[in-house]
Amino acid sequence: MIFGVLDTDTVAQLTLNGIFRGTAYGILGVGFALILGVTGRFHFAYAFTYTLAAYMVFTFKERVGLPFWIAVVTGIVVVERSLCRAS
């Protein structure tokens, strides 16, 4: 029934979105499991770092106007530099 309402382009786009979001959630979950397994403690800074990197990419892409891949690299570098200074 759902395929009668949606065209094939929409179904393909929704499928790819699901795959990419699932992959991102999987990477986040594996990172949490790795930190919890090694240290034996749940570490909130990991989630903060993950979220801050995504926000910085958004900021560089939408507000500064950089191309997507340059914004990704810049966001990761900025977050990494800020973490190196904090520790």
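Atoms considered below: every heavy atom in the structure, side chains included; atoms not considered: hydrogens, waters and symmetry mates.
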If you measure from [atom1] on [X] to [atom2] on [Y], what distance do you get to the nearest 0.5 Å?
X: Thr59; Y: Tyr55; atom1: OG1; atom2: OH; answer: 4.0 Å
X: Ile19; Y: Leu14; atom1: CD1; atom2: CG; answer: 11.5 Å
X: Thr39; Y: Leu34; atom1: OG1; atom2: CG; answer: 9.0 Å
X: Ile35; Y: Arg41; atom1: CD1; atom2: CZ; answer: 13.5 Å

Ignoring hydrogens, what is the shortest heavy-atom contact between [X] and [Y]? Give both atom names and the distance.
X: Pro67; Y: Lys61; value: C-CD, 4.4 Å
X: Gly75; Y: Val57; value: CA-CG2, 4.3 Å
X: Leu66; Y: Ile70; value: CD1-CG2, 4.2 Å

Does one hydrophobic cluster hold both [X] and [Y], with members joined at side-chain heavy-atom distances below 4.5 Å?
X: Phe60; Y: Trp69; result: no
X: Val79; Y: Phe68; result: no
X: Val30; Y: Leu36; result: no
X: Phe48; Y: Val78; result: yes

Establish, from distance only, whether the side-chain atoms of Gln13 and Asp9 form a donor-acceptor pair under 3.5 Å. no
Would you indicate whether the side-chain heavy atoms of Thr8 and Val11 approach each other to under 4.5 Å? no
